[in-house]
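See below for the structure under consideration.
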Amino acid sequence: MIITIDGPAGSGKSTAARKLAARMGIPYLDTGAMYRAVTLAAIEANADLRDDAALANIARQGDYHLDLGPTHIRVTLGDRDVTEEIRSMRVSERTRFIAASPGVRRELIERQRRIGRQLGAMVTEGRDQGTAAFPDADIKFFLDASIERRAERRYHELLADGEDVTLDQVLQNLRERDTTDSQRAVAPLAVPPDATRIDTTHMTIPEVVELLYDTIRSRGLNMVPASHRDTHVII
Ligand code: DC
């Protein structure tokens, strides 16, 4: 069973996806972490961030790995744990170049489908999971919230990570990312036509998770065979 959750930054989809997956006992795939890992690898390789072929090559051959489980995701670059570093502003400010690269998107979508086949059941979240990556997903969600609310959430996350940013900077970064995410030529952020839309502006995370869970149940979907429980995968 493939469950997709798409939406803009700060819509609450990452936390909701992780908690939903944990509740169901299946892995979750944070596809933003894949784009972030490739971004960090490209920065460290001093790659030209507008050179599609160079970026695609890093996405294909870069020494980055994701360890996915129902309650965690760990990202490594070479032998370094970069799980936190990929969330820094240094990386966030450059992800849009990597997300706009057709070669990178082709490679990462291919990897996402491979992971889906390997796991059989997962919650996958990003910008294009219900549209480009898994158009035949069993159930699709699209989460959204006002930009002010999304900026507030991101700001608090960054503060907790010890970043020195202002709410205004985060708001500005989100505005830029919203524009590039929805206007880029390849796989722009779009609501899948068959997705359930949820506005999380005034909702808490537990409320969002409850609603996702209830929606899955009310569709009568097979709630994950036992053989798929507690699997995790390293890519
Ligand atoms: O969700 P996030 O902020 O961690 O995403 C990081 C970047 O990757 C952001 O610029 C959007 C992009 N992204 C994408 O283009 N497609 C995805 N499926 C996931 C993320």
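All values below come from the heavy atoms of this structure, side chains included, with hydrogens, waters and symmetry mates left out. Atoms within each ligand, like the ligands themselves, are counted from 1 in listed order.
- For the residue pair Asp199/Thr201, the side-chain donor-acceptor check at 3.5 Å is satisfied.
- The residues Arg114 and Glu110 are annotated as salt-bridged, a charged nitrogen and a carboxylate oxygen being separated by less than 4.0 angstrom.
- Counting atoms of ligand 1 from 1 in the listed order, those under 4.0 Å from a heavy atom of Arg154 are 3 (O).
- Ligand 1 has no atom lying under 4.0 Å from any heavy atom of Glu176.
- Ranked by closest heavy atom to atom 18 (N) of ligand 1, the top entry among Thr180, Val38, Asp6, Asp128 is Asp128.
- Salt-bridge check for Asp6 with Arg127: failed, with every basic side-chain N at 4.0 Å or more from each acidic carboxylate O.
- Protein heavy atom closest to atom 9 (C) of ligand 1, with residue, atom name and distance, is Arg177 NH1, 3.5 Å.
- The protein non-hydrogen atom at the shortest distance from atom 8 (O) of ligand 1 is Tyr35 CB, 3.4 Å.
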Review item, side-chain donor-acceptor pairs of residues 203-210, under 3.5 Å, at least two apart:
unit_1 : atom_1 : unit_2 : atom_2 : d
Thr204 : OG1    : Glu207 : N      : 3.3
Thr204 : OG1    : Glu207 : OE1    : 3.4
Glu207 : OE1    : Thr204 : N      : 2.9
Glu210 : OE1    : Arg23  : NH1    : 3.0

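- Considering only non-hydrogen protein atoms, atom 16 (N) of ligand 1 sits nearest to Arg105 NH2, 2.9 Å.
- Those atoms of ligand 1 with a heavy atom of Lys13 less than 4.0 angstrom away are 1 (O).
- Side-chain contact, Arg36 with Ser92: a donor N or O sits under 3.5 Å from an acceptor N or O.
- The protein non-hydrogen atom at the shortest distance from atom 20 (C) of ligand 1 is Gly32 CA, 3.6 Å.
- At the shortest separation from atom 12 (C) of ligand 1 among protein heavy atoms lies Ala99 CB, 3.9 Å.
- The environment of CZ in Arg113 is crowded: more than 12 heavy-atom neighbours from other residues, nucleotides or ligands sit within 6.0 Å.
- Close approach of ligand 1 to Thr31 (heavy-atom distance below 4.0 Å) involves ligand atoms 17 (C), 18 (N), 19 (C).
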Using distance only, find each side-chain donor-acceptor pair of residues 75-85 under 3.5 Å and give its atom names and separation, not counting sequence neighbours.
unit_1 : atom_1 : unit_2 : atom_2 : d
Arg80  : NH1    : Glu44  : OE1    : 3.1
Arg80  : NH2    : Glu44  : OE2    : 3.1
Arg80  : NH2    : Glu85  : OE1    : 3.1
Arg80  : NH2    : Glu85  : OE2    : 3.3
Asp81  : OD1    : Thr83  : N      : 2.9
Asp81  : OD1    : Thr83  : OG1    : 2.6
Asp81  : OD2    : Arg74  : NH1    : 2.8
Thr83  : OG1    : Val75  : N      : 3.0
Thr83  : OG1    : Val75  : O      : 3.4
Glu85  : OE2    : Arg90  : NH2    : 3.3

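- Within ligand 1, counting atoms from 1 as listed, the ones closer than 4.0 Å to a heavy atom of Thr95 are 7 (C), 9 (C), 10 (O).
- Evaluated by nearest non-hydrogen atom to atom 6 (C) of ligand 1, the leading choice among Arg36, Arg94, Met34 is Arg36.
- Scanning all protein heavy atoms for the shortest distance to atom 13 (N) of ligand 1 gives Arg127 CG, 3.7 Å.
- Side-chain contact between Val38 and Tyr64: present, with at least one pair of heavy atoms (C-beta onward) separated by less than 4.5 Å.
- Asp30 contributes a side-chain N or O that, together with a main-chain N or O of Ala33, makes up a donor-acceptor pair within less than 3.5 Å.
- Annotation for ligand 1: atoms under 4.0 Å from non-hydrogen atoms of Gly126 are 18 (N), 19 (C).
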